[in-house]
Undergrad: 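The structure under discussion is supplied below as structure tokens; questions concerning it will follow.
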Amino acid sequence: MCGRLRSSDAGKKAVIMGWVNKRRDHGSLLFIDLRDRSGVTQVVVNADRNAAIHEKAETLRNEYVIAAIGSVKLRDANTVNPNMPTGEVELVADDIRILNESKLPPFLPSDTALTNEETRLKYRYIDLRRDAMQFNIETRHNVAKAIRDYLSSQGFFEIETPFMTRSTPEGARDYLVPSRVQPGTFYALPQSPQMFKQILMISGFDRYFQIVRCFRDEDLRADRQPEFTQIDLEMSYPQAERVWEVVEGFLKAAFHAAGVEIEPSFPRMDYDEAIRLYGIDKPDLRLPAFTDVRDCFTAENLQELAINGNLPVIAIRTPKVGELSRKERDDIKPMFHSKGGARVYEDFKRIGNKYPDAAAAIAKKTGVEEGDLIVLVAGSAQAGPQTAMPAHRKVTPAELAIYASAGLLRLALAQKYADRHGIFKKTGDAAKDFRFLWVTNFPMFEWDEGEKQWMAAHHPFTSPHEQDMGLLEQGVESVNDPQSTLSAVRALAYDVVLNGTELGSGSIRIHRQDIQAKIFKALGMTDEEARKRFGFFLEALEYGTPPHGGIALGLDRIVMILTGAESLREVIPFPKTARAVDLMVDAPTPVDERQLRDLGISIRKPS
RNA sequence: GGGGACGUAGUUCAGUUGGUUAGAACGCUGCCCUGUCACGGCAGAGGCCGCGGGUUCGAGUCCCGUCGUCCCCGCCA
């Protein structure tokens, strides 16, 4: 209630409770800013009016919890504070009750400079009192509620699935939960409810959703936590487009709940095109696309520069960076992570001096403007042997190496010079600030050079394209061959991308047991192995499985983008550090020998 | 597994070429102050310079190791 008082409440009696945000002591007149989740109101205590209350108010300290009882008064015109929503009124205290005292916290919620994250995480309950965190958590609630309401209105049932389930060796590492009743065996926490939601389709709940925690034991990033929340959904008999409509619908509702009006439908792009234009399968459309400028050079130019002219020569344009100093140019090279022999030419001026014709052609083709930075990425003329070069794929591995290296550099440059080009700054125009994209037609399989076998690019339950069934048939006959036609099989898989962040990923699933068997075979699994791992699921597929498909979106990431947060930790109340530690509760910890004995577990000491 | 940044008062930071007693702001404590809202004034307390070792007459500063936080690559069906 602290933040709700307005001039219309003037004259009313009020009781407000909250934390002492700030005390300003003027001797016999003192002011208390009282804070709760709704905001801050100024409480006035005057010794002339009530000496006993004033004396008590003088003992108040930051973060004490108090009740202030009094009447709401319009402030005199010269004491109105236009910077706060409650600034036209104040509460004149008739009584102050100290509900609880507080030790001096290591930092104050009202501090302007942000304390280091280690301290914030250890004292998370203090950190969460901050305005910004209260706003993030409130936004999260509003977004989740809007999605629940929207999907419910579209006939989806929210159905829970188990957290203690079966370990599947594919994909991310599992978090394991030992069984006491059956020592030596383990449950796994779900990486996603994938198989359960498909089984729900087989069970006749033709529209399912769940806002559900998922667990993956992999290394963390700013946008990756070991436990995270997905908006998971699945529907029967859909075309991919129908799934997209549903997603666009709930995202519109979710963004509306956060005060942002977006207008579906979102643009669509083939995976191959995303790679060619942006070097990544989650393009940030706010930044310029690549330009392939290999035709701007003569054959002699390319030879002198030791560039392979049969591979793309990528011009990365970063707008409005301005003239770079020698040192700034030198700093570009370390930002470049070369994959498969790709090389960077960061000094475009030098190329301009040596090859003025080429530079002019490049400038024209990229549409460069005054102050834009151009950096070239190309393949080495002495490129090593192409070990895996499926002829069927539109983008070959050698090309991919160049596109991918350039894609990472494009983002790194845009990040580094964000202050100069200002592209990431919010304009207030949702169509510019939030660039959504569907990326479609992912490859079904990717060749794993280490394991010497094909892996599912999405997951093994994804349906191949109807037109590519022939390639699948042909490909399963040579599953150990990186040149196999499996490379050309497209999946009915799709990602929804926002500003370069993958929000979610889904697919139309396989509903026929014979095709599922072929996929497992392509992945190098024998019938026996497939039965062992997924037997229950394969069996279910044989009892009248409807065609079905779905998607899962990261709730944390959606809220992160909506709130402008720099990391997921800002939108998760109790997150973990980069080493997957909870600094507040201090987890994980060793456990008692007795607990281990019950579970039949002994710890192998790391050597 | 690899690369990088950081670690100094409760907090945010400064600390020169290695040189006497390690500073500032905010916060905190006490006193003063009747219209402040980043209130103001006076006085004061507060330091294992992350930890361990080394070089040196002398280390916050240089070297090695280690711990912690953050970012990136790998990894994340």
Side-chain angles (χ1 to χ4, degrees), chain A residues 21-34 40-49 54 58 61-63 73 75-84 86-87 90 92 103-108 110-123 126 168-174 191-192 194-195 214-226 228 331 334-339 404-405 408-409 411-412 415-416 442 444-446 448 450 454-462 491 493 502 505 507 519 523 533-534 552 554 566-567 569 576-579 581 583:
Chain A
N21 199 48
K22 190 84 195 178
R23 188 185 47 128
R24 287 179 298 280
D25 188 347
H26 288 240
S28 45
L29 177 71
L30 78 80
F31 302 96
I32 301 153
D33 288 345
L34 198 62
V40 174
T41 287
Q42 171 166 285
V43 177
V44 191
V45 183
N46 193 325
D48 289 350
R49 229 178 109 89
H54 178 264
E58 282 194 307
R61 294 294 180 269
N62 285 324
E63 298 310 301
K73 173 179 159 286
R75 294 199 198 183
D76 295 340
N78 60 327
T79 63
V80 164
N81 184 346
N83 299 320
M84 52 198 292
T86 60
E90 60 195 1
V92 179
K103 278 171 64 177
L104 176 67
F107 58 96
L108 293 172
S110 55
D111 282 349
T112 41
L114 200 56
T115 301
N116 82 71
E117 204 167 354
E118 208 174 336
T119 310
R120 289 177 56 206
L121 288 173
K122 181 166 178 199
Y123 298 93
I126 307 289
T168 52
E170 276 75 27
R173 292 183 190 88
D174 288 321
Q191 298 172 26
S192 82
Q194 183 61 36
M195 274 184 281
C214 301
F215 307 85
R216 294 180 191 173
D217 185 6
E218 294 294 341
D219 287 353
L220 286 77
R221 288 281 193 285
D223 62 352
R224 264 163 38 189
Q225 281 274 310
F228 59 99
D331 285 345
M335 293 162 70
F336 182 70
H337 296 279
S338 173
K339 317 209 178 218
S405 308
L408 287 176
L409 183 60
L411 292 177
Q415 204 66 53
K416 183 170 170 107
F442 279 77
M444 182 76 202
F445 303 102
E446 274 163 5
D448 184 324
W454 292 96
M455 310 282 278
H458 186 58
H459 58 58
F461 313 111
T462 302
E502 180 197 315
S505 195
S507 64
I519 298 294
L523 296 173
R533 288 185 192 177
F534 305 111
E566 295 282 326
S567 101
R569 296 183 299 279
K576 294 182 176 51
T577 69
R579 284 172 62 253
V581 169
L583 292 175

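Being a predicted model, the structure only gives us computed values, none of them experimental. Note on naming: letters A, B, ... go to the chains in the order of the sequence lines (proteins, then strands), and numbering restarts at 1 for each one.
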Undergrad: What residues, two or more places apart in sequence or in another chain, satisfy ring pair (Phe, Tyr, Trp, His ring centres under 6.0 Å) together with A:Phe107?
TA: none
Undergrad: Could you please name the option among B:C28, B:G35, B:U36 that lies closest to any side-chain atom of A:Arg24?
TA: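 Side chain of A:Arg24 sits closest to B:U36.
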Undergrad: If I pick the P atom on B:G19 and the same atom on B:U61, what distance separates them, to the nearest angstrom?
TA: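 One P to the other, the span is 11 Å.
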Undergrad: Pick base, sugar-phosphate or nothing for A:Asn62, based on heavy-atom distances below 4.0 Å to the nucleic acid.
TA: sugar-phosphate
Undergrad: Under the criterion of centre distance below 5.5 Å and interplanar angle below 30°, is A:His26 classified as stacked on the base of B:C33?
TA: no
Undergrad: Roughly, in whole Å, what's the span from CZ in A:Arg75 to P in B:U36?
TA: 10 Å
Undergrad: Could you tell me the separation between the CG atom of A:Asp33 and the P atom of B:C37, rounded to a whole number of Å?
TA: 11 Å
Undergrad: Using the C1' atom as the reference point in each nucleotide, state the distance between B:A24 and B:G47 in Å, no decimals.
TA: 15 Å
Undergrad: Side-chain N or O of A:Lys22 versus OP1/OP2 of B:U36: is the shortest distance under 4.0 Å?
TA: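 Indeed not, no polar side-chain atom of A:Lys22 lies that close.
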Undergrad: Any heavy-atom pair between the side chains of A:Leu108 and A:Glu63 that's under 4.5 Å?
TA: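 The answer is yes, as the side chains (C-beta and beyond) meet within the 4.5 Å cut-off.
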Undergrad: With heavy atoms under 4.0 Å as the rule, sort A:Thr115 into base, sugar-phosphate or nothing.
TA: sugar-phosphate
Undergrad: Determine, answering yes or no, if A:Phe107 is stacked on B:U11 under the 5.5 Å centre rule and the 30° plane rule.
TA: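 Stacking between A:Phe107 and B:U11: absent.
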Undergrad: Need the pair for B:A5. Rule: Watson-Crick or G-U wobble, both distances under 3.5 Å, any strand; none if unpaired.
TA: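 When the pairing criteria are applied, B:U69 turns out to be the nucleotide that pairs with B:A5.
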Undergrad: Measure the shortest side-chain to side-chain distance between A:Glu502 and A:Asp223 over non-hydrogen atoms and say whether it is less than 4.5 angstrom.
TA: no
Undergrad: Is there a Watson-Crick or G-U wobble partner for B:U16 with both distances under 3.5 Å, and which nucleotide is it?
TA: none
Undergrad: Touch check for A:Thr462, heavy atoms < 4.0 angstrom, all strands: base, sugar-phosphate only, or nothing?
TA: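 If one applies the 4.0 Å heavy-atom cut-off, A:Thr462 turns out to touch nothing in the nucleic acid.
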Undergrad: Whole-Å distance between B:G35 C1' and A:Asp25 CG?
TA: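 Rounding to the nearest Å, CG of A:Asp25 and C1' of B:G35 are 13 Å apart.
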Undergrad: Taking C-beta and beyond as the side chain, do A:Arg75 and A:Gln42 meet within less than 4.5 Å on heavy atoms?
TA: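 With C-beta onward as the side chain, the pair touches.
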Undergrad: Inspect the surroundings of NZ in A:Lys73 and state if more than 12 heavy atoms from other residues, nucleotides or ligands are less than 6.0 Å away.
TA: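 Result for NZ/A:Lys73: enclosed.
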Undergrad: Does A:Leu30 reach a base, just sugar-phosphate, or nothing at all? Heavy atoms under 4.0 Å.
TA: nothing
Undergrad: When you get a sec, tell me which of B:C33, B:U29, B:U12 is the closest nucleotide to the side chain of A:Arg61?
TA: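 The nucleotide sitting nearest to the side chain is B:U29.
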Undergrad: Determine the minimum heavy-atom distance between A:Gly27 and A:Glu58, stating which atoms define it.
TA: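 Looks like O-OE2, 4.1 Å.
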Undergrad: Could you list all N or O pairs between the protein and nucleotides 70-76 of chain B that sit under 3.5 Å apart?
TA:
residue	atom	partner	partner atom	Å
B:C70	OP1	A:Ala578	N	3.2
B:C70	OP2	A:Ala578	N	2.8
B:C70	O3'	A:Arg569	NH2	3.1
B:C71	OP1	A:Arg569	NH1	3.2
B:C71	OP1	A:Arg569	NH2	3.1
B:C72	OP2	A:Ala222	N	3.4
B:C73	OP2	A:Arg221	NE	2.9
B:C73	OP2	A:Arg221	NH2	3.4
B:G74	OP1	A:Lys339	NZ	2.7
B:G74	N7	A:Arg221	NH2	2.9
B:G74	O6	A:Arg221	NH1	3.0
B:G74	O6	A:Arg221	NH2	3.4
B:G74	N1	A:Asp219	OD2	2.7
B:G74	N2	A:Asp219	OD2	3.3
B:C75	O2'	A:Glu218	OE1	2.6
B:C75	O2	A:Arg224	NH2	3.1
B:C75	N3	A:Arg224	NH1	3.3
B:C75	N3	A:Arg224	NH2	2.8
B:C75	N4	A:Arg221	NH2	3.2
B:C75	N4	A:Arg224	NH1	3.2
B:C76	O2	A:Arg224	NE	3.4
B:C76	O2	A:Arg224	NH1	3.1
B:C76	N3	A:Arg224	NH1	3.0

Undergrad: Take atom P in B:G58 and the same atom in B:U21, then report the distance between them in whole Å.
TA: 15 Å
Undergrad: Can you tell me which nucleotide in B:C37, B:U69, B:C28 comes closest to the side chain of A:Leu583?
TA: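 Of the options given, the side chain of A:Leu583 lies nearest B:U69.
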Undergrad: Quick check: on RNA chain B, is the nucleotide nearest A:Leu104 upstream (toward 5') of the one nearest A:Asp111, or the reverse? Name the residue that is more 5'.
TA: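 Taking each residue's closest nucleotide, the earlier one in sequence belongs to A:Asp111.
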Undergrad: Return the pairing partner of B:A25 with a 3.5 Å limit on both distances, Watson-Crick or G-U wobble; otherwise return none.
TA: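 Looking at the geometry, B:A25 pairs with B:U11.
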Undergrad: Starting from P on B:G35, measure out to CG on A:Asn46 and report it in whole angstrom.
TA: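 One finds 10 Å between P of B:G35 and CG of A:Asn46, rounded.
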Undergrad: Return no unless some side-chain N or O of A:Asn116 is found under 4.0 Å from OP1 or OP2 of B:U12.
TA: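 Yes, because at least one side-chain N or O of A:Asn116 sits under 4.0 Å from OP1 or OP2 of B:U12.
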Undergrad: Are the side chains of A:Phe31 and A:Lys22 in contact, using a 4.5 Å heavy-atom criterion?
TA: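 Heavy-atom side-chain distance check fails, nothing below 4.5 Å.
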Undergrad: Side chains of A:Val92 and A:Arg49: does their closest heavy-atom pair fall under 4.5 Å?
TA: yes
Undergrad: Taking the C1' atom of each, how far is B:G74 from B:G18, in whole Å?
TA: 41 Å
Undergrad: So A:Glu90, base contact, sugar-phosphate only, or nothing? Heavy-atom distance under 4.0 Å.
TA: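 Answer is base: heavy atoms of A:Glu90 come under 4.0 Å of a base.
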Undergrad: Please report the distance, rounded to the nearest Å, between CZ in A:Phe336 and P in B:G4.
TA: 19 Å
Undergrad: If you count heavy atoms of other groups shown closer than 6.0 angstrom to OH of A:Tyr123, is the number above 12?
TA: no
Undergrad: Taking the C1' atom of each, how far is B:C39 from B:G35, in whole Å?
TA: 10 Å
Undergrad: Across all strands shown, which nucleotide pairs with B:U61 by Watson-Crick or G-U wobble geometry, both distances under 3.5 Å?
TA: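 Looking at the geometry, B:U61 pairs with no nucleotide.
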Undergrad: Please state the P separation for the pair B:C42 and B:C33 - nearest whole angstrom.
TA: 16 Å
Undergrad: Grab the CD-C1' distance between A:Glu118 and B:C67 for me, whole Å please.
TA: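 Rounded to whole Å, this separation is 10 Å.
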Undergrad: Side-chain N or O of A:Lys103 versus OP1/OP2 of B:G10: is the shortest distance under 4.0 Å?
TA: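 No, no such contact exists.
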Undergrad: Looking only at heavy atoms, which two atoms of A:Met195 and A:Phe461 are closest? And how far apart?
TA: SD-CZ, 3.7 Å
Undergrad: Look at all strands and tell whether A:Gln42 reaches a base, only sugar-phosphate, or nothing, counting heavy atoms closer than 4.0 Å.
TA: base
Undergrad: What integer number of Å spans the C1' atoms of B:A43 and B:A38?
TA: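 So the two C1' atoms sit 22 Å from each other.
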Undergrad: For the P atoms, the ones on B:G50 and on B:A59, what distance do you get once it is rounded to whole angstrom?
TA: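 Each nucleotide's P atom is 15 Å from the other's.
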Undergrad: Please give, in whole Å, the distance from B:G68 C1' to A:Arg120 CZ?
TA: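 Checked: the CZ to C1' distance equals 17 Å.
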Undergrad: By the 4.0 Å heavy-atom rule, please label A:Ala412 as base, sugar-phosphate, or nothing.
TA: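 No contact at all - A:Ala412 keeps every heavy atom at 4.0 Å or more from the nucleic acid.
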Undergrad: B:G10 P sits how many Å from A:Ile126 CD1, rounded?
TA: 17 Å
